[in-house]
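Here it is, the structure, as structure tokens.
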Amino acid sequence: MIVMVQPSTKNHSKKRLTALWLLMLVPGFCPLPLYPHPPSEDRLNALTADSAWTAADPSFIILQASILADRGAHPEALQVLEKLDTRTIENPAITLQLGALYRTLQVPELARKQLLKTLTSDRKIQVATRIRAHLLLADLASSEQSYLTAANHLQQALKLNPQPPAHLYTMTVQAMQQAGLPSGPIRQVVATGLQAHPGHLPLLELNIAQARLNQSAADVEKAIQRLLTRYPLHPRWQSQDPPQ
Amino acid sequence: MNLIRQPTCTQRVHLLSGLFCIMACSTAWGVDIIRGPYLQNQSPTTITVRWRTDEPTESTLWWGSQPGQLKHTVSSKPLTTEHSLTIDGLQPGQAHHYAVGYQQTILAGNDLDHRFNSPPVHGSTAPVRFWVLGDSGTANANAAAVRDAYVQFAGPSTTHLWFMLGDNAYGQGTDEQYQAAVFDMYPQLLRQATLWPAIGNHDAVSADPSSGTGVYFDLFTLPTQATTTGHSLGADSGTEAYYSFNFANIHFIVLESNDSLATYRQAQLNWLEHDLMLNQSTWTIALWHHPPYTKGSHDSDTEVKHIYMRENIIPILESHDVDLVLGGHSHSFERSWLIDGHYGHSSTFSASHIISGVSGDPLVDAAYLKPPSGGLPHQGAVYVVAGSSGKVGQIQPEPHPAMRNNAAHRALGSLVVDVSGERLTVRFLNANGAVDDVFTILKNDLIVVHDFEPVVHHQP
């Protein structure tokens, strides 16, 4: 028999509820633009009609722009953001949102400016905020083929993260390779990644690729055996002529 | 003149001992469980039990075959309010009872209510039931009604595992919102069956999938090294943002559809390819938040997350013959025919994408038939949107043509899925306890006969 437990309820003010709902639309809070529950036109009208907001409130402006960005109205969103005096915005959580929004709107210079501002803020910054800023900056740099910058940001994100997921290592290695960095530091990242995630196949394959670069047949064989020990039935590595 | 006499050394020792006893007793008397216990990260031989106390304590987990006979223990010394202990070496397919607490003090359990069944060995054809909630995080009467309808429907039968398709706690996925929408809403199921969540856009407000940080990741223990630890016959994902595991003859894949970082998305794709390449299960079921086909409160033709998943994930899944794909986000129920190969705008969907145009309900016409797994790719999958476990939303004016019942069904509800050997049955159970839709997929050689002898089509 299930014990029925009444969920705890809290009385939020109208403003708070609206703020919570609308906050969801800010790409800085959510890594991607979100989509309307009511159609976006309704959301925009609801926001504009909400007297709890003042037109000069930066959060209000960012939310307005986010709603427009959601429906692909990038020029209109940018027009709204022109109302902001970004020089006065110091809260790193807000600058992170703004940077993420500018990235969505494909204005990399402004996105980068806000994200760097997030990282250099004098205020106390949560580690997660810092990591996210580095990841967004790395993504911006990669999209502009600035792989060395991307690699640097990803290495920073790796250092800051107490338990980095395996893909953070593969993303870093990829950027380091694209940046043409020497194999020593790349091998080090792969090795560190495999210590934390010994059964992660993309890392195991990167390990083989690094051994091949080193042109040591023994190292290659060792790296392949390391993969096959974990995944003896992996079809890609069964043949005598495994993939390059 | 000082009238206060300094205590002697012995008196000091007694005083300190007394203070220590008072502090220890007051701590012990005050300790209460304020979350859980809840079951996590289960494999045929392991399970993690988590709970939260209002005071820091050591952690102890007892388990055994019967209440009153909890002969085994595992414990942890560090004082904490966030307790997480893992049992190894369980017998697959067995019933277990447990209790949690600290030192010799049981805070919860050692009764009939705190129990779990360890899954059978991978590949077993034992019957499995799982419950699926989508967008259930409203913490209100809607969510409670959906829950109660399932409790009524299930009766005394075992729920082996359960899923949340994202937006598990509105509006920002904070710890407090999770407490209301998950831990206070489903206490019984949380302590008897393992919850496997996916992350939704609202959960992602307080969590970052690409770095694996935030509330969602703090609350759940998920298999980052699933193959290494015996949870999966696929590949280690190295992250809790997306992962796979096996239960009996089913391979479950839980994906992450929120984060748009290009290299992160590519990493998920790479892992998925590996995972599916190694998967040899009878059934493959994938789930994530943003469904590839929907015309409910969201539109998969215009919204980029849906489009990304459809264009990039579905081709890989179908090339490895996925059977069932579940999503939420749209607050309605939609489900497709048995389809394959549609990765574009809904206007490009045609009859050529429909592998089977029957209802899938053996009582109406016929179940969907698929050949035994391990053979050919692209044998068809059914796509289900089930994001109405907490609220019902508006729907788009035009239905998605991939959907069998056309217009999105605006009803609160959840999915009940039963798998038994080579039969998989999905029901949409509404909040009033009625089954609004049912379909079955069968995997056997009948599909070969089907070409010559249509009558076998009608066998349930």
Side-chain angles (χ1 to χ4, degrees), chain A residues 1-10 17 20-21 23-24 29-39 70-72 104 127-128 131-132 135-136 138-139 142-143 150 154 157 161 163-171 174-175 193 196-203 230-231 233-236, chain B residues 113 139-140 143-144 147-148 151 170-172 176 179-181 184-185 187-189 201-202 204-206 208-214 224-225 227-228 235-241 258-264 266-268 270-271 274-275 277-278 297-299 302-305 329 331 393-394:
Chain A
M1 186 70 185
I2 292 281
V3 177
M4 302 301 175
V5 176
Q6 276 300 108
S8 62
T9 54
K10 290 175 183 166
L17 278 174
L20 287 175
W21 177 68
L23 212 49
M24 280 306 303
F29 269 78
C30 183
L32 270 177
L34 300 168
Y35 297 99
H37 285 258
D70 287 348
R71 61 183 192 200
T104 304
V127 174
I131 293 171
R132 186 68 192 165
L135 292 176
L136 288 165
D139 190 67
S142 282
S143 65
L154 286 163
N161 200 326
Q163 291 180 306
H167 54 241
L168 205 46
Y169 292 98
T170 61
M171 290 158 67
Q174 188 185 340
H197 304 283
H200 190 249
L201 267 164
L203 275 172
R230 293 268 172 183
Y231 297 98
L233 300 176
H234 197 303
R236 194 185 285 175
Chain B
D113 203 33
N140 64 12
R147 174 200 64 195
D148 295 346
V151 170
Y170 290 103
Q172 300 165 279
E176 294 78 12
Q179 183 67 39
D184 290 347
M185 182 61 71
Q188 183 85 3
L189 205 53
N201 49 299
H202 286 262
V205 176
S206 300
D208 178 18
S210 57
S211 63
T213 56
T224 59
Q225 302 190 16
T227 307
T228 302
D236 290 4
S237 71
T239 174
E240 291 181 313
N258 290 282
D259 206 325
S260 68
L261 297 180
T263 49
Y264 164 79
Q266 188 57 49
Q268 181 173 234
N270 290 348
W271 164 76
H274 280 293
D275 186 73
M277 204 182 290
L278 292 161
S297 54
H298 294 273
D299 187 342
T302 59
E303 300 181 20
V304 290
K305 289 179 198 171
H329 200 44
H331 302 145
Q394 300 170 3

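In what follows, chains are A, B, ... by sequence order, proteins preceding strands, each numbered from 1.
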Check your understanding: Is chain B contacted by the side chain of I131(A), its backbone, both, or neither, given a heavy-atom distance below 4.5 Å?
Key -> side chain
Check your understanding: Tell me, side chain or backbone of A150(A) under 4.5 Å from chain B's heavy atoms, or both, or neither?
Key -> neither
**Study point:** Gap between atom CG of L261(B) and atom CZ of R132(A) - 0.5 Å precision
**Key:** 4.5 Å
Exercise for review: Answer with side chain, backbone, both or neither: which region of T213(B) has an atom nearer than 4.5 Å to a non-hydrogen atom of chain A?
Suggested key: side chain
Check your understanding: Do Q266(B) and M171(A) come close enough that some side-chain heavy atom pair is under 4.5 Å?
Key ->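 Side-chain contact under 4.5 Å: no.
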Check your understanding: For the side chain of N161(A) and the backbone of S211(B), is there at least one donor-acceptor N/O pair under 3.5 Å apart?
Key ->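 Answer holds: yes.
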Practice item. Find the one option among H200(A), R230(A), Q163(A) whose heavy-atom pairs under 4.5 Å with chain B are most numerous. Key: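 Max contact count across the listed options: H200(A).
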Revision key, fill the gap. Here the gap from L203(A) atom CG to N270(B) atom CG, rounded to the nearest 0.5 Å, amounts to 11.0 Å
**Study point:** side-chain contact (heavy atoms from CB on, under 4.5 Å) partners of T239(B), counting only residues at least two apart
**Key:**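 T239(B) satisfies side-chain contact (heavy atoms from CB on, under 4.5 Å) with P165(A), H167(A), S237(B), A241(B), Y242(B) only.
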Exercise for review: Measure the spacing between OH of Y231(A) and CG of L278(B) and express it to the nearest 0.5 Å.
Suggested key: 7.0 Å
Exercise for review: Please identify each residue that fulfils salt bridge (Lys or Arg N to Asp or Glu O under 4.0 Å) with D275(B), with sequence neighbours left out.
Suggested key: none
Exercise for review: List the atom of Q225(B), the atom of A196(A), and the distance in Å for their closest heavy-atom pair.
Suggested key: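 It is NE2-O, 3.0 Å.
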Check your understanding: How many angstroms lie between CG in D236(B) and NE2 in H197(A), if you round to the nearest 0.5 Å?
Key -> 9.5 Å
Review point. Which bit of S210(B) is near chain A, if near means a heavy-atom gap under 4.5 Å: side chain, backbone, both or neither?
Key: both
Practice item. Check whether any side-chain heavy atom of L135(A) sits under 4.5 Å from a side-chain heavy atom of D208(B), and report yes or no. Key: yes
